[in-house]
Amino acid sequence: MKIKGFLPAWASLFSFSVVALGAQYLSLLFPTLAVPLWLWPFLLFSALQSAYYATYYLSKRTPWLLCLIELALWMVPVYFLSGRVMQVFVWNAFGIFACWIMARGYGSQFVFMERVADYLGDQGASTVSWEYESLSSNDSLHVPMTYFWWRLWGCAFFLAILAIVVHNRDVQLDALVTWRLRVLGSMAVASGLALQAGSYLFRLQILWGYAKADVSASLRGVWIRNLGIVLLLGVLLVNLAPVDYWPLTAARMGEIIRRLATREFTISLEPLDSPERLPSAGGPPAMGFPQQAAGPWGVLLALLIALLVGGMALVILVVLGFVLVNLIGGELERLKGLPRLAVQVYAGLRDALRTLMGSLRTLGADLKWKASSKKQTGSQEFSPKTGFARRSAPLPKGVRAMFRRIAKVSARKGLAFHPAQTASEFGQVLHKHLPSAKNSVEGFFSGYQTVRYSKQSLSAAAKEHLLQLGEEIIKEIDGLEKGDKGNGTDVRE
Amino acid sequence: MVLWKFLTLLAVGLALLWETRPAYALAYLSVLLFFAFQSGQKRLAAKIEVVRPLEEHFLFPGDQRAITLQVINPTLWPFAWISLADRIPRNLMTGQHAQRPVFSLSPRGSHDVSFQLTAHDRGVYRLGPLDLFVGDFFGIRTQKYQVQKGQTVVVYPRIHELGDLNLPSRLTFGSFQALQRMNPDPTRLAGLRRYQMGDPLRTIHWPATARTQSLQVKQFDHTVTATCVLFLNLYSEDYSVARFYVDTETAIAVAASLANHVIRRGESCGLVSNAVLAQHLPGDMATSQGEGIVQLRARQGTGQLTQILTILAGVNTQDQKDFPSLLTECGHQLEGAAVLLWVVPRDTPDIVEHAWGFANRGRQVLIFVVEEVRHQELLWRPPGSSLQVFAVAKGGTLGL
């Protein structure tokens, strides 16, 4: 998974923790603004949805209507869950909107960062320099990272101010609230710094791509591991470092100043004027036009004013109409792309689910392998170059799954199964490239045809035999060198 | 950056005056990010070691070689990214762009970085100094350090077959026909004659004897091994301005090819040139250098060829000493040198006059002209002539 895949998650986590923390402090100040627990998942998932959607699909051509639909998707359940009480709903909806819009901002910024060519212009890729791009550079105002810094610092400052206000109001915090504040604060620090570092890495990766830098394959892993240590240090610092030790606080300074003022400068300042001398608020108004009878000039003036007002109203209506027509026209134009967007979103979700399922499967297989390797540690072969011999992936159970497995393994060796090919054509390609497994290939692919396209059902023994053939083919493919063309033929021929 | 430091101070002020953990957390993090991390990284990044192998690399044009540097982080500080930019001369670059490796360094970790070199043209090149850029995790500050250690890469001149240089591929020198017939060379069959009493039986030519029905013996040429000395003219004024680079490189390639030819035949070969040597030429050369003169005594063997090629890799033209002066100064030092191979841009009358002088003193002089032959009558004289002129690479395949 690329770093771009993690960034929206970190952005939404940060947005969620900031908004939740802010709402928590505000609820301490104003008890009517309490945040119910059920709202938290709404906050988090709305931020996730907004950030991922903005990162992968949002563009200038996305209809506004879609944004409204997105918001409505979150607001409608919240409205019902808020007991249809408008006051409660407005506050909850505001929290969701804050999370959603904050995450959306991050997502849009990721998209902007990818458009390096827009601000590179005619500049050659070889001139791209990441070595000097940092906050301390003279050009730091134009560095995209400043956006993240301002947001991070702004949010932190806002939360600090809220915390100070709560502190100065002498609000009593029970253990649960303190714990919540600690957790949310730690989450905000960790996700904020992770987002900062992740977006910087993302920015660097984009620049490295343009500058054709030779980036070490292990860089991302080492980066994330080391960043984890730094984040841990940050979280520990925030939670464990001593606080409130400075003797000269604002309250004490105010106290000292007040005492000094009362001791040395005890001058009683009398009011400049007694209340009696002030003009009475209840008296008759001093200003105002005298009421006079309207003459012919008055009528003319009234007509002129009416004409002026009418003209102005007309101009405003024309401008408003023009803007509306343009907006609606643009919106209608944008709506044409809606089916395509829907397909893109569907494909993206499907891919994401596949990746997730694949990762889970790999994780499960790894865990199983680890468990079995613990038992067989003594008998495991060890090669000095590759460590323990690489286990083979668990074999699929069905014939069709075996076919997919063969296609996947052969793709790694440069014999990709092209979508335009039939299974039989793919079998012919393998037939050419695996001269030592000709019989297995023929046997497997004819069996596959039967399983896939005929209504006959295979016996368990035949199925087992086919799977065995498939296993042999995979072993043969594993023995091929990558890019090996066998007898000089290409896969797509 | 000043703005962010100011904001840090603001956060610190806020924390100290109004307290609370979030305010302190902001202050701590700001100090950590904008002050502590920066100064820490600046101090610790200076300790990064770059280990560069010190030995020279020797390449032929077209060869590729990877040089590996090891970057070591002796500290406990993790470095988010490190980028190296080695100053690789354009003639050694692989591809169009300079290689810019980027990697991450864990605490007490190390990373090997390889730079791929492709030798394009002959020369003595110096790699380095090396620019080391270090960045943090958050894009706050990047630092640049310079590693002064360098490394020398010697690219030998291109060696051609003599046929490729438009020269007779069976050009013979070094081992040539002796005037006093003392040692018959069994590899040089000169003809047949009738058997005379006392002729060794192994010289009898049996097929000819069978054909003529009388004993015939083989007659051999008599040879001696003589020392060759290459004279390379690199006086810049002698080369035409329009083709200066091409012709000087051709001359050097011709000298290298001749040296290779002579030494591969088992003869001894020396080198004399009115050239200046490159600054970073490996220092263990057995050369004697005067002002504008490079001289290497004649010897046999691959070691000698390596020395000659290394010198030829590092020679450059000069404008102080012309070729006749070189001949005058070095001519009397040619102990035992019987064959003189001169590589010159033109066979000027002065040069030819000097050549006749050497020829009259019993030496064989072969002049290889890389630009223009003026004495056409000396071209293609019979092999073994005391003075011959050869036109090099005119229409040959020398691709310089």
Side-chain angles (χ1 to χ4, degrees), chain A residues 126 130-137 140 143 145 149 153 156-157 159-164 166-168 181-182 185 189 193 196-197 199-201 203-204 208 211-216 218-223 225-227 229-230 233-234 237-239 241-244 246 248-251 253, chain B residues 1-4 7-8 10-11 14-30 32-34 37-38 77-85 95-107 109 111 113-115 131 133-144:
Chain A
S126 57
W130 69 87
E131 290 97 341
Y132 299 102
E133 193 178 285
S134 62
L135 275 185
S136 60
S137 73
S140 67
V143 175
M145 293 305 299
W149 276 114
W153 207 90
F157 190 75
L159 292 175
I161 294 289
L162 277 181
I164 288 168
V166 169
H167 180 69
N168 287 343
L181 290 176
R182 277 285 175 99
V189 168
L193 290 179
Q196 201 66 34
S199 49
Y200 180 49
L201 178 59
R203 167 77 179 157
L204 287 178
W208 289 336
K212 296 184 171 62
D214 307 323
V215 184
S216 162
S218 61
L219 183 135
R220 202 191 69 181
V222 178
W223 178 299
R225 197 171 60 233
N226 290 335
L227 177 66
I229 299 169
V230 173
L233 280 176
L237 179 82
V238 164
N239 283 295
V243 295
D244 302 347
W246 187 251
L248 215 59
T249 60
M253 282 168 72
Chain B
M1 197 61 198
V2 177
L3 173 68
W4 293 98
L7 289 175
T8 304
L10 186 70
L14 193 77
L16 295 180
L17 289 175
W18 283 280
E19 300 184 314
T20 73
R21 185 165 283 281
Y24 267 91
L26 175 62
Y28 281 136
L29 285 177
S30 298
L32 197 71
L33 290 171
F34 298 114
F37 268 18
Q38 301 316 307
W77 187 272
F79 292 100
W81 62 264
I82 291 177
S83 166
L84 289 182
Q96 297 292 319
H97 303 286
Q99 295 161 69
R100 296 158 91 174
V102 185
F103 52 92
S104 203
L105 260 188
S106 295
H111 188 89
V113 182
S114 287
F115 286 96
D131 288 331
F133 298 90
V134 182
D136 56 29
F137 288 100
F138 305 104
I140 299 171
R141 182 186 286 275
T142 55
Q143 278 132 0
K144 182 185 171 188

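Owing to the predicted nature of the structure, the values given are computational and were not obtained by experimental measurement. Heavy-atom basis, side chains included; hydrogens, waters and symmetry copies ignored. Numbered from 1 within each chain, the chains take letters A, B, ... in sequence-line order.
- The aromatic rings of B/Tyr28 and B/Tyr24 lie tilted to each other, with the angle between the two planes from 30° to 60°.
- Of the two parts of B/Asp131, neither the backbone nor the side chain holds a non-hydrogen atom closer than 4.5 Å to a non-hydrogen atom of chain A.
- When the candidates A/Asp244, A/Asn226, A/Thr249, A/Val238 are compared by the number of heavy-atom contacts under 4.5 Å with chain B, A/Asp244 comes out ahead.
- The nearest pair of heavy atoms linking A/Asn239 to B/Arg21 is O-NH1, 3.1 Å.
- Put simply, the side chain of B/Ser104 gets close to the backbone of B/Phe79: a donor and an acceptor are under 3.5 Å apart.
- For B/Leu16, the parts lying near chain A are the backbone and the side chain together; criterion is any non-hydrogen pair under 4.5 Å.
- Looking at B/Gln143, its side chain never comes within 3.5 Å of a backbone N or O of B/Phe133 through a donor-acceptor pair.
- Highest contact tally toward chain A, considering only B/Gly139, B/Ala27, B/Gly135, B/Ala80, is held by B/Gly139 [criterion: heavy-atom pairs under 4.5 Å].
- When all heavy atoms of B/Pro101 and B/Val113 are compared, the pair lying nearest together is CG-CG1, 3.3 Å.
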- Message: Determine whether A/Tyr200 and B/Trp81 satisfy the following criterion, side chain to side chain donor-acceptor pair (under 3.5 Å), listing intermediate values before the conclusion.
- Response: CA-CA 11 Å; A/Tyr200 180 49; B/Trp81 62 264; 3.1 Å; yes
- Task: Evaluate the side-chain contact (heavy atoms from CB on, under 4.5 Å) criterion for residues B/Phe37 and B/Phe137: first the C-alpha distance (whole Å), next the side-chain angles of each, then the deciding distance (0.1 Å), finally the verdict.
- Result: CA-CA 10 Å; B/Phe37 268 18; B/Phe137 288 100; 5.8 Å; no
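- The parts of B/Phe103 that come within reach of chain A are both its backbone and its side chain, each placing non-hydrogen atoms under 4.5 angstrom from that chain.
- The residue among B/Ala15, B/Pro22, B/Ala25, B/Ala11 with the most heavy atom pairs within less than 4.5 Å of chain A is B/Pro22.
- Only the side chain of B/Ser83 has a heavy atom closer than 4.5 Å to any heavy atom of chain A.
- Smallest separation of non-hydrogen atoms from B/Glu19 and A/Ile164: O-CG1, 3.7 Å.
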- Applying side-chain contact (heavy atoms from CB on, under 4.5 Å), run through A/Leu248 and A/Met253 and close with a yes or a no. CA-CA 6 Å; A/Leu248 215 59; A/Met253 282 168 72; 3.8 Å; yes
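- Contact annotation for B/Leu7: both backbone and side-chain heavy atoms come within less than 4.5 Å of a heavy atom of chain A.
- Considering only heavy-atom pairs separated by less than 4.5 Å from chain B, the leading option among A/Ser218, A/Gly221, A/Ser216, A/Ser199 is A/Ser216.
- The greatest number of non-hydrogen atom pairs below 4.5 Å with chain B, out of A/Ile161, A/Leu193, A/Leu233, A/Val189, is found for A/Leu193.
- Both the backbone and the side chain of B/Ile140 come within contact range of chain A, judged by heavy atoms closer than 4.5 Å.
- Atom CH2 of A/Trp149 sits about 6.5 Å away from atom CZ of B/Phe138, to the nearest 0.5 Å.
- Put simply, of B/Leu29, B/Asp136, B/Val102, B/Leu32, the one with the most heavy-atom pairs under 4.5 Å next to chain A is B/Val102.
- Within the 4.5 angstrom heavy-atom criterion, atoms from both the backbone and the side chain of A/Val215 approach chain B.
- Contact annotation for A/Leu204: only side-chain heavy atoms (C-beta onward) come within less than 4.5 Å of a heavy atom of chain B.
- The candidate from B/Pro107, B/Ala85, B/Pro78 with the greatest count of non-hydrogen atom pairs under 4.5 Å with chain A is B/Pro78.
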